[in-house]
Amino acid sequence: MAESTGRSTAHAGMFPDLRRDVAFPIVGVGLLFGAFIAVGLLYQSFFSGAAERLVTVAMIDAIIVLGIQIYVGNTGVLSFGHIGFGAIAGYTFAVFAIAPAEKVKRIPDAPLGLTDVDMGSWGAVGVAIAVTVVVAFFVGIGLARSGAESGAVAATVITLALLFVTHEVARHWPELTGGERAGLSFRIGGKLDTRVPIFLALAGSLVLARLFAQSRRGRLAKAGREDDLAARAMGVNPMVQQMIALLISVVVVSVGASLRVYETGSILPENFFFNYTLLTLAMLIVGGRNSVTGALFGVAVMTVGRELARRLGQDGFEVFGLGLDSAPLDWIFRENLQTVFFGTAMLGFMIWRPKGLLSDWEFDEWLHRRFTRAQSAPAVPKTAMGSHQEARLEVSDVSVVFGGFQALSQSGFEVSSGEVVGIIGPNGAGKTTMLNVITGLVPATSGQVRLNGTDLIGTPSHEVARAGLVRTFQNLRLFGSLTVRENVEVTRLVAIAEHDDRSTPETDVLVAAAGLWDHRDRRASELDYGNSRRLELARAAAARPLFLLLDEPTSGMSDTESLAMVGQVQTMAALVSAGVVVIDHDLDFIIGICDRIYCLDRGSVIASGTPEGIQADPSVQAAYLGSSAS
């Protein structure tokens, strides 16, 4: 068997696979960095005047856009506030870096004796990072309390509010910021006079952005981005990943903002406000917000486009002797054409290509596919991997009331390791509500859910999953933009970190066991329905649970597919030594797989027993099969 890319995932380190997640990304971003700089220097060689500064500004823009991408791209939360963080960093840098002799002229009454502080440029960068990260931490707490998730409006509004607050503070606190007219500025000749720090910062930002995306934390953040509820059900706490992504992104933005102020030699409130926010977000969106390669490409495209529009719109510009600023073209090629280009680019991409030019395509992933040998499917063990753990799940006297509706009434069941227990009942009987209570998605009005004697009622859903209860969903909830292998790997990363005492099958073994080996590098969103169901089961098994909780795994399947799912569930459960609780309407499936069955009707358990006994029970026939009880 060829070497598997999952070979090093047996360790709970930061990177699941060092070759795929570290070596190739570093090589890839090195080549991207070289290409970006080479194109800039080539442009400088052909155009004089402001060309050098254009390239310098583009590099600084790239640093800031990469910082935004670390947060927006990995969490899915659209942030308008990162330029606000940049303003905090920029002003902090200026206050600590500008010589006291200059500050006396601008801010003689600065609080805390800051007028006399002189830390030097690079010490000031460190202070700017520290101050901005502290602010970001408290903003991150606010985002977490708002329930921030991909597409959440509240989180976006919070970041937008931060942008306006920082702008207003900068305008109306002249004792510290110099106000909106004077601002802060370095002495003549005191600004940045070399581009080496910018080169280093850009290279470091590229490496950091890609390594974070490939790290365990980055992968968990992307799972939350794709489906917050499903991620929690697999043991991922998206709030933690969002906070980490936010703090890392703010570090990068702080460095970029400090360099922007240092290179310009001054700072005004308008330098870090709405125009620059829209520009950096446009660069990110045009290239592809979910891709580091796309972010860098977006900076290049927007910089080139805006510069070309500026040149086309300037007075006296000619093409083949034709003046573009004269009739009949003067209504198009006129001053501020770059603003028109900017607005058109944002509008066009949001409508026709919202995922950007490159979507989530990464150069180093393409290199990895090109230079990695084809793999054969790994052997699937016939027996469970690791030691068998005895476990018992006891659900007793659970009641749930929604408003005035009694969804569950004093209901419960029991299941032990190695058992497969089914829950059946007509629509509206409370089956899925029972599973939602067990997994922490719905609060119980009363009752207990005990796993090995520990009551889990009131426990957050991600903690329930880590305790050993992992579920699938009635309606498919896969991480659509992630590949089949990545869907399984994300859950396995949680299992490795949380369960040192449980041996977890390799990612590739689980993919092969699910019959998805030939689809392992396809996006989950591209799978047909049957394969999607198998992937959801494999992803749940990757958590190495004590019990698999399956919500209608054969929903929408044909009779043949349902029978095949019996073997699939048995294989996966045996592979990880998990008990199974399964809800389904398909009686042939339930009878063919279950050791015991509970029947629910109107929120209460009306019968329990063996499959044969349940089939013959008059109350089940009346409630579930539509027959009259004798």
S.K.: Between S619 and D617, does a side-chain hydrogen bond (donor to acceptor under 3.5 Å, both in side chains) hold up when you go through it step by step?
M.R.: CA-CA 6 Å; S619 59; D617 191 294; 2.4 Å; yes
S.K.: For D521, look at atom CG and say whether over 12 heavy atoms of other residues, nucleotides or ligands are found less than 6.0 Å away.
M.R.: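 Buried by this count: over 12 neighbours within 6.0 Å.
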S.K.: Between E536 and R533, does any NZ, NE, NH1 or NH2 come within less than 4.0 Å of an OD or OE carboxylate oxygen?
M.R.: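 So R533 pairs with E536 through a salt bridge.
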S.K.: Do any N or O atoms from the side chain of D455 and from the backbone of V449 form a donor-acceptor pair under 3.5 angstrom?
M.R.: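 Indeed, once roles are kept as given, a pair shorter than 3.5 Å links the two residues.
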S.K.: Determine the minimum heavy-atom distance between P553 and D584, stating which atoms define it.
M.R.: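 P553 and D584 have their closest heavy atoms at CD-OD2, 3.3 Å.
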S.K.: Does some side-chain heavy atom of F547 sit less than 4.5 Å from a side-chain heavy atom of V580?
M.R.: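 They are not in side-chain contact.
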S.K.: Looking only at side-chain N and O atoms, does S481 offer a donor or acceptor that is under 3.5 Å from a partner on E226?
M.R.: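 There is such a pair between these side chains.
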S.K.: First locate atom CD1 of I423, then atom CD1 of I597, and finally report the distance between them rounded to the nearest 0.5 Å.
M.R.: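 Between atom CD1 of I423 and atom CD1 of I597 there are 11.0 Å.
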S.K.: How about I424 and L600: do any of their side-chain heavy atoms sit closer than 4.5 Å?
M.R.: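 They are not in contact (no side-chain heavy atoms under 4.5 Å apart), so the answer is no.
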S.K.: Check V464 against I438 and note the closest heavy-atom contact, atom names and distance.
M.R.: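 Scanning both residues completely, I find the closest heavy atoms to be CG1-O, 3.4 Å.
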S.K.: Take a 6.0 Å sphere around CZ of F137 and say whether it holds more than 12 heavy atoms from other residues, nucleotides or ligands.
M.R.: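 Open.
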S.K.: Evaluate the side-chain proximity of R19 to T372: yes if any heavy-atom separation is below 4.5 Å, no if none is.
M.R.: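 Side chain of T372 against side chain of R19, heavy atoms only: contact under 4.5 Å found.
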S.K.: Check this for me, if you would: do D508 and R520 make a salt bridge, where the nitrogen-to-carboxylate-oxygen distance has to be below 4.0 angstrom?
M.R.: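 A salt bridge is absent here (no side-chain N lies under 4.0 Å from a carboxylate O).
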S.K.: Got L549 and T439 here, is their nearest side-chain heavy-atom distance under 4.5 Å?
M.R.: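 A side-chain contact under 4.5 Å exists here.
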S.K.: With distance as the sole test, does T159 use its side chain to make a donor-acceptor pair with the main-chain N or O of F80 at under 3.5 Å?
M.R.: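 Side chain of T159 to backbone of F80, a donor-acceptor pair under 3.5 Å: yes, one is there.
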S.K.: Is there a donor-acceptor pair closer than 3.5 Å between any side-chain N or O of R492 and the backbone N or O of P505?
M.R.: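 A pair under 3.5 Å: yes.
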S.K.: Is the number of heavy atoms from other residues, nucleotides or ligands under 6.0 Å of R522 CZ greater than 12?
M.R.: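 Counting neighbours around CZ of R522, more than 12 heavy atoms of other residues, nucleotides or ligands fall under 6.0 Å, so yes.
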S.K.: Side chain to side chain contact (heavy atoms under 4.5 Å, CB included), that's the test. Do N74 and N290 meet it? Break it down for me.
M.R.: CA-CA 7 Å; N74 291 292; N290 293 345; over 6 Å; no
S.K.: Before you tell me yes or no, could you show the steps for E394 and R392 under salt bridge (Lys or Arg N to Asp or Glu O under 4.0 Å), namely the whole-Å CA-CA distance, both residues' side-chain angles and the distance that decides it to 0.1 Å?
M.R.: CA-CA 6 Å; E394 300 169 289; R392 185 168 181 79; 3.7 Å; yes
S.K.: Taking the six-membered ring of F473 as reference, does the NZ or CZ atom of R477 fall below 6.0 Å from its centre and within a 45° cone about the axis?
M.R.: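 Yes, a cation-pi geometry.
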S.K.: Give, for atom CZ of R544 and atom CG of L575, the distance between the pair rounded to the nearest 0.5 Å.
M.R.: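 That separation rounds to 8.0 Å.
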S.K.: What distance do T491 atom OG1 and N487 atom CG have between them, rounded to the nearest 0.5 Å?
M.R.: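 Here the rounded value is 7.5 Å.
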S.K.: With side chain to side chain contact (heavy atoms under 4.5 Å, CB included) as the criterion, how do T560 and L563 come out once you've worked through the C-alpha distance, each side chain's angles and the decisive distance to 0.1 Å?
M.R.: CA-CA 5 Å; T560 302; L563 290 175; 6.0 Å; no
S.K.: Using side chain to side chain contact (heavy atoms under 4.5 Å, CB included), reason through Q69 and V292 one step at a time and then give a plain yes or no.
M.R.: CA-CA 7 Å; Q69 193 280 331; V292 173; 3.4 Å; yes
S.K.: How far apart are the closest heavy atoms of A538 and L510, and which atoms are they?
M.R.: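 For A538 versus L510, the nearest heavy atoms are CB-O, 4.1 Å.
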S.K.: Measure across N436 and R471 and return the closest heavy-atom pair with its distance rounded to 0.1 Å.
M.R.: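 Smallest interatomic distance, heavy atoms only, reads OD1-NH1, 2.5 Å.
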S.K.: Would you call K431 and D601 a salt bridge, using N to O less than 4.0 angstrom?
M.R.: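 So K431 does not pair with D601 through a salt bridge.
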S.K.: CZ/R216 to CD/E489 distance, rounded to the nearest 0.5 angstrom?
M.R.: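 One finds 11.5 Å between CZ of R216 and CD of E489.
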S.K.: Can a donor-acceptor pair be found, under 3.5 Å and without considering hydrogens, that links the side chain of T75 to the backbone of V77?
M.R.: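 Here the side-chain-to-backbone pair exists.
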S.K.: What are the two closest heavy atoms between S291 and E362, and how far apart are they?
M.R.: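 Where S291 meets E362 most closely, the heavy atoms are CA-OE2, 3.2 Å.
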S.K.: Could you state the interatomic distance from CD1 (I70) to CD1 (I248), rounded to the nearest 0.5 Å?
M.R.: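 Answer rounded to 0.5 Å: 6.5 Å.
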S.K.: Are F479 and R539 close enough that some pair of their side-chain heavy atoms sits under 4.5 Å apart?
M.R.: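 SC-SC contact between F479 and R539 confirmed.
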S.K.: The test is side chain to side chain contact (heavy atoms under 4.5 Å, CB included); show your working for L548 and V582 and say whether it passes.
M.R.: CA-CA 8 Å; L548 282 166; V582 58; over 6 Å; no
S.K.: Short question: side chain of S359, backbone of W361 - any donor-acceptor pair under 3.5 Å?
M.R.: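 No, S359 side chain to W361 backbone: no donor-acceptor pair under 3.5 Å.
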S.K.: Please step through side-chain hydrogen bond (donor to acceptor under 3.5 Å, both in side chains) for the pair S249 and H82, ending with a clear verdict.
M.R.: CA-CA 9 Å; S249 71; H82 273 69; 2.9 Å; yes
S.K.: Taking the side chain from Q406 and the backbone from L408, do they hold a donor-acceptor pair closer than 3.5 Å?
M.R.: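 Yes; judged by distance alone, with no hydrogens or angles, the pair exists.
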S.K.: Looking only at the side chains, is there a donor atom on one of D551 and T432 sitting less than 3.5 Å from an acceptor on the other?
M.R.: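 A pair is found: one side chain offers a donor N or O, the other an acceptor, under 3.5 Å apart.
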S.K.: To the nearest 0.5 Å, what is the distance between CG on L478 and OG on S525?
M.R.: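 Reported to 0.5 Å precision, the distance equals 9.0 Å.
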S.K.: May I ask you to decide if L537's main-chain N or O and T472's side chain share a donor-acceptor pair within less than 3.5 Å?
M.R.: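 Checking the backbone N and O of L537 against the side chain of T472, no donor-acceptor pair under 3.5 Å is found.
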S.K.: Any donor and acceptor pair, going by atom type alone, linking the side chain of N531 with main-chain N or O of L527 inside 3.5 Å?
M.R.: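 Between the backbone of L527 and the side chain of N531 there is no qualifying donor-acceptor contact (under 3.5 Å).
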S.K.: Quick one: does L78's side chain get under 4.5 Å of L281's, heavy atoms only?
M.R.: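 Of all side-chain heavy-atom pairs linking L281 with L78, at least one is under 4.5 Å.
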S.K.: Quick check against the 3.5 Å criterion: does T554 have a side-chain atom that pairs as donor or acceptor with the backbone of M557?
M.R.: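 Checked: no pair found.
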S.K.: Can any side-chain N or O of T445 pair as donor or acceptor with the backbone N or O of V401 at less than 3.5 Å?
M.R.: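 A pair under 3.5 Å: yes.
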S.K.: When you check the gap from the basic side-chain N to the acidic O, do R485 and E506 get nearer than 4.0 Å?
M.R.: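 No, no charged N to carboxylate O under 4.0 Å.
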S.K.: Any side-chain heavy atom of E552 within less than 4.5 Å of one from L435?
M.R.: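 Heavy-atom side-chain distance check fails, nothing below 4.5 Å.
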S.K.: Answer whether the closest heavy-atom distance between the side chains of N237 and R232 falls below 4.5 Å.
M.R.: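 With C-beta onward as the side chain, the pair touches.
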S.K.: Locate the shortest heavy-atom distance separating M434 from G412; write the atom from each residue and the value.
M.R.: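 Shortest heavy-atom contact: CE-N, 4.0 Å.
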